[in-house]
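Written below as structure tokens is the structure these notes are about.
Side chains are part of it too, since the values below use all heavy atoms of this structure and drop only hydrogens, waters and symmetry mates.
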Amino acid sequence: MTRLHKSYFFAGVLTLLLSTNSCTNLDETLYSQIDANKFYNNRQEILSGVLRPYTHANAWMAPTAQNSYWRLNELSADQLAWPQKGRHGYDDAQWIRLHGHSWVYTENDVWDPWSLIFTGIGFCNSTLGDFERVDFAKAGVSEQEKAAFVAELKVFRAYHYMKLMDLYGNVPIVTVVGQPLSPPTAPRAEVFAFVEKELKENVDLLPNLSKALIGRLTKAAGYSMLAELYLNAQVWSGTPRWDDCIAVCDKISKGETGGLNGIPTLDTDLLSTYNNTNDNSKEALFQLTYDYQATPTRCGWNSDFYHFAQRLIYDGDANGNNGVVVIPSAYDVFKDNDLRKSTWMLIGPQFQAADPTKPVLGTEEYRDKQLVFVKEIRRASENKTSSTMIDGEENSGARFNKYRPGRQSEAKYWSNDWILYRLTDIYFYKAEALMRKNGGSAVPEAVQLINDVRKRAFRPADVAKEAYTAATLTLPELLAERSREFIFEGKRRTDMVRFGAFTTASWWDHQPTDKTKELFPIPQRQLAANPNLVQNPGYPAK
């Protein structure tokens, strides 16, 4: 089995990527360079070009300590926040602005995801441009495999554009490095049409998902992207595409696009999809792959999520910045008998995994006292009751526990793959599309799809009484159930926008905001570099 992070290559293409930033000075000092015309001599070298965008992807697709798509999509929504905790976490109020929807177009939170995603597009464009000059037959690559490699890059590029369109709406479309130098803004509907065209023209050129292709763009991944595109079509293009979403979901569910471990089926427990052996998951459709035993690379969620002493909780080797927590109102959306509440979040007194008789001790307000995570975000050590983004302590908020690295002694310690699409996504996509086709009311098939997922969140004795009916599965309840099922997975803002709740709802330390906040602004430094860009409504034009 090939893991994508075992082998990767960068063949001096950095200067080419700058075209997406519309700079006028492209002079760069190159410390190492390989002429593309002299490089792609065999299948392995060609494959290294195909894989290059994947090695960059963990920078923006997962919570890995960068201002990523993940951070914008979660920390602006109604589940997670990075509150100030005593002397830590104020960070120039950037997390406060995200939570309150008061971000500005000059800050790195807005700029970095734009830069990271367009850099990924640059990697795709650069390799596609190189391939136009490669003699694939001479390199021992068949026409069929060549077509699959090209399709893989185009599908991945389309995924980048889908996420850019989600965050920023109207963005420039660039498919050739450096052409044009200052690309104009394309309307969101045009970007949607481009993404759909790229996916539809290329997805069937991809191979079916199999264990040998874990982490690669396959039919399962490509059709999952199409399903997401169609689910959000009304927001992104102005025209609903519910029937198209349902048809694509059926194709995946029937196993027509392959599976990681046989025909895709729901994992029967709450941890198999996320643990350090989740390459054996039955339901994973597309994931960022990691093999920490073979490479120095792992999914570094600890930086955003872990307490300063959290390595002791797992018998691990990494602590974190004590940053992201579950806000109180999001924690309360889970019933106490919902196993997701106790399984996917850490709460209460913490003990050392290496010796469960020993408590984990605090390092700040609770120095030398047992660390006890609480749902409240307030200065309890000072007997204060105020609960806002500046009122936290080191133990404030329930904590991330969905992905568990295991202990250092385990054979697959911290080799968890980060899941981007799973069969559960497809069940929820189809159920929502069915409901929206039916005027927002649940039909029996939609109820069954959600109940099929939901039953693993309860003990057998509770499953029947916690099952939805056509009367109880309303659209607002579906949004709430999505919050429970997909917590921490980077999907929440997109969901809230689709349900009309992102700028209209109140939660914890957040009040409704203007509808223009459904999009982030085009970053100021991009506007300064490229006069052909048009700012989104509600933000400064220069």
Side-chain angles (χ1 to χ4, degrees), residues 57 61-62 69-70 73-74 77 79 155 158-159 162-163 166 195 199 203 209 214-215 217-233 235-236 241-242 244-261 263-270 272-274 278 281-288 340 344 402-403 417-436 445-446 448-457 473 475 478-499:
M61 293 164 69
Y69 172 89
W70 186 94
N73 225 35
E74 287 288 8
Q79 287 190 287
V155 168
Y159 182 69
M162 184 168 72
K163 296 305 180 182
D166 179 21
V195 172
L199 291 176
V203 67
L209 174 61
I214 185 171
L217 264 297
T218 63
K219 284 189 177 74
Y223 276 106
S224 296
M225 293 171 190
L226 265 176
E228 181 182 5
L229 185 75
Y230 291 140
L231 185 73
N232 291 283
V235 173
W236 292 345
R241 301 283 293 274
W242 310 125
D244 290 326
C245 179
I246 292 167
V248 171
C249 290
D250 285 343
K251 191 176 186 71
I252 297 168
S253 298
K254 292 175 181 177
E256 295 176 16
T257 63
L260 188 61
N261 294 283
I263 294 176
T265 56
L266 295 175
D267 288 328
T268 57
D269 65 90
L270 295 176
S272 293
T273 314
Y274 311 102
N278 65 346
S281 168
K282 296 287 189 180
E283 71 170 79
L285 299 171
F286 183 41
Q287 59 223 86
L288 294 175
R340 293 171 295 192
W344 290 347
K402 201 168 194 176
Y403 285 78
D417 296 339
W418 186 264
I419 306 297
L420 299 172
Y421 291 107
R422 53 191 176 107
L423 188 61
T424 296
D425 285 287
I426 306 308
Y427 276 38
F428 272 77
Y429 290 170
K430 184 177 180 181
E432 183 179 337
L434 288 167
M435 291 176 67
R436 292 192 183 276
E445 186 179 5
Q448 187 64 53
L449 286 166
I450 303 304
N451 282 338
D452 284 348
V453 175
R454 185 174 165 84
K455 66 183 180 182
R456 65 188 174 197
L473 186 60
L475 281 177
L478 181 62
L479 179 61
E481 183 64 6
R482 284 194 64 90
S483 77
R484 292 182 280 263
E485 181 61 30
F486 297 106
I487 189 170
F488 303 118
E489 294 189 31
K491 307 174 190 291
R492 189 58 181 169
R493 172 194 151 274
T494 308
D495 290 343
M496 295 187 74
V497 170
R498 191 174 64 255
F499 279 80

Euclidean distance, [Y] [atom2] relative to [X] [atom1], rounded to 0.5 Å:
X	Y	atom1	atom2	value
Ile263	Lys254	CD1	NZ	12.0 Å
Leu479	Glu432	CG	CD	8.5 Å
Leu423	Thr265	CG	OG1	7.5 Å
Glu481	Asn451	CD	CG	9.0 Å
Tyr427	Asp452	OH	CG	6.0 Å
Ile450	Glu445	CD1	CD	11.0 Å

State, yes or no, whether a side-chain contact exists between [X] and [Y] at a heavy-atom distance under 4.5 Å.
X	Y	value
Tyr223	Leu199	no
Leu260	Ile214	yes
Lys163	Asn73	no
Ile426	Tyr421	no
Met162	Asn232	no
Asp417	Leu288	no
Val248	Tyr429	no

- Message: Just to verify, which of Val497, Thr494, Leu231 counts as forming a side chain to side chain contact (heavy atoms under 4.5 Å, CB included) with Trp236?
- Response: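 Per the side chain to side chain contact (heavy atoms under 4.5 Å, CB included) rule, the option paired with Trp236 is Thr494, out of Val497, Thr494, Leu231.
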Return the minimal non-hydrogen interatomic distance between [X] and [Y], and the atom names on each side.
X	Y	answer
Met61	Leu420	CE-CD1, 2.8 Å
Ala220	Leu285	CB-O, 4.0 Å
Thr424	Leu266	OG1-CD2, 3.5 Å
Leu209	Ala284	CD2-O, 3.7 Å
Ile252	Ser224	CD1-N, 3.6 Å
Glu489	Tyr274	OE2-OH, 3.0 Å

- Trace of the side chain to side chain contact (heavy atoms under 4.5 Å, CB included) decision for Leu434 with Trp242: CA-CA 7 Å; Leu434 288 167; Trp242 310 125; over 6 Å; no
Carboxylate-amine/guanidinium proximity below 4.0 Å for [X] and [Y]:
X	Y	answer
Glu256	Lys219	no
Lys491	Glu485	no
Asp267	Arg456	no
Arg498	Glu228	no

So does [Y] get a backbone contact from the side chain of [X], meaning a donor-acceptor N/O pair under 3.5 Å?
X	Y	value
Asp425	Arg422	yes
Glu74	Gly490	yes
Arg484	Arg454	no
Gln79	Ser483	yes

- Message: Between Leu478 and Phe428, does the side chain to side chain contact (heavy atoms under 4.5 Å, CB included) criterion hold? Intermediate values first, please.
- Response: CA-CA 9 Å; Leu478 181 62; Phe428 272 77; 4.0 Å; yes
- Task: Specify whether Tyr403 and Trp418 have parallel, tilted or perpendicular ring planes, treating 30° as the upper limit for parallel and 60° as the lower limit for perpendicular.
- Result: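 Rings of Tyr403 and Trp418: parallel, under 30°.
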- Message: Testing the 3.5 Å rule here: is there a donor-acceptor pair between the side chains of Asn278 and Ser281?
- Response: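 No pair is found: no donor N or O on one side chain lies under 3.5 Å from an acceptor on the other.
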- Query: Just wondering, more than 12 heavy atoms not from Lys251 lying within 6.0 Å of its NZ?
  - Reply: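 For Lys251, atom NZ is crowded (more than 12 foreign heavy atoms under 6.0 Å).
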- Is the NZ or CZ atom of Arg340 both under 6.0 Å from the centre of the six-membered ring of Phe486 and within 45° of that ring's axis?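 No; the conditions do not both hold, so Arg340 does not lie above the ring face of Phe486.
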